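Okay, so here's the structure we're looking at.
From a predicted model like this one, the values you see are computed outputs, not experimental measurements.
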Amino acid sequence: MTREEVLALAPGRELDALVAEKVMGWEYKDAIYSWGEVLRPSQWIKPNGWPVDRVSCYSTDISAAWEVVEEMGDCLHLKQHGEQGEWEAWFCGYPNSKAHGETAPETICKAALLAVMEL
């Protein structure tokens, strides 16, 4: 995925899933079936091994976005241009992580992805 593709992502489930995988370290496991029965449903697995039914709304919920900030080490530069203007964010130590977006959660997620994917 290129830098431009990350920046073009809309807030929502696709962006949330990328953050869960690339930033938070979650792994997606497909369902396992045997003779038409579900032995294990599709699920996300956290790095500690705990299964989760669904990914947090990182790109639309500010409290979930702060979990991303904590995972990245709490060193976030976040600012809004004007009262209703665009947001800008980047993480310390990641010079290529600067991202822009319409909301703070969206912008935090994009900056985190740019940082960990080194785009």
Considering non-hydrogen atoms only, spot the tightest contact between S56 and R13 and give its length. O-NH1, 3.9 Å

Relative to the ring of W26, is the ring of Y58 parallel (under 30°), tilted (30 to 60°) or perpendicular (over 60°)? perpendicular

Over 12 non-hydrogen atoms of neighbours within 6.0 angstrom of CG in D74: yes

Short side-chain to backbone donor-acceptor contact, E67 and A64, under 3.5 Å: no

Does the side chain of S42 pick up a donor-acceptor pair with the side chain of D30 at under 3.5 Å? no

Neighbour count >12 (heavy atoms, 6.0 Å) for atom CD, Q80: yes

Could you state the interatomic distance from CG (L9) to CD (E14), rounded to the nearest 0.5 Å? 5.0 Å

Begin with the C-alpha distance, continue with both residues' side-chain angles, and end with the deciding distance and a verdict on side chain to side chain contact (heavy atoms under 4.5 Å, CB included) for V68 and M24. CA-CA 7 Å; V68 174; M24 306 302 281; 4.3 Å; yes

Is the backbone of E118 close enough, under 3.5 Å, to the side chain of N96 for a donor and an acceptor to pair up by distance? no

Please examine the side chains of M72 and Y94, heavy atoms only from C-beta on, and report whether any two atoms are closer than 4.5 Å. yes

How long is the straight-line distance from CG of D16 back to SG of C57, given to the nearest 0.5 Å? 5.5 Å

Find out whether L114 and L7 are in side-chain contact, i.e. whether some heavy atom of one side chain is under 4.5 Å from a heavy atom of the other. yes

Find the distance between CH2 (W87) and CD1 (I108) and round it off to the nearest 0.5 Å. 8.0 Å

For the backbone of Q43 and the side chain of R54, can you confirm whether one donor and one acceptor N or O come within less than 3.5 Å of each other? no

What closest approach, in Å, do G25 and P47 show between heavy atoms, and which atom pair accounts for it? O-CG, 3.4 Å

For A89, does its backbone N or O pair with a side-chain atom of T107 as donor and acceptor, under 3.5 Å? no

Once you round to the nearest 0.5 Å, how far does CG of L15 lie from NZ of K110? 6.5 Å

Residues E88 and H100: side-chain donor-acceptor under 3.5 angstrom: yes

I need the full list of disulfide bond (SG atoms under 2.5 Å apart) pairs touching residues 77-112, with sequence neighbours left out, sorted by first then second residue. C75-C92

Single-linkage hydrophobic cluster, 4.5 Å side-chain cutoff, I62 and V55 together: yes

Rounding to 0.5 Å, atoms NZ (K79) and CD (E86) come to a distance of 11.5 Å

For V69 and F91, work out which heavy atoms get closest and say how close. CA-CE2, 4.2 Å

I'd like to know if R3 pairs up with E5 as an ion pair, taking the criterion as any Lys NZ or Arg NE/NH1/NH2 lying under 4.0 Å from an Asp or Glu carboxylate oxygen. no

Treating Ile, Leu, Val, Met, Phe, Trp and Tyr as nodes and any side-chain heavy-atom pair under 4.5 angstrom as an edge, say whether V19 and W90 lie in one connected cluster. no

Cluster check L18, I45: I/L/V/M/F/W/Y, side chain < 4.5 angstrom: no

Ignoring hydrogens, what is the shortest heavy-atom contact between A99 and A111? Give both atom names and the distance. CB-N, 3.6 Å

Roughly how far apart are K22 NZ and L113 CG, rounded to 0.5 Å? 9.0 Å

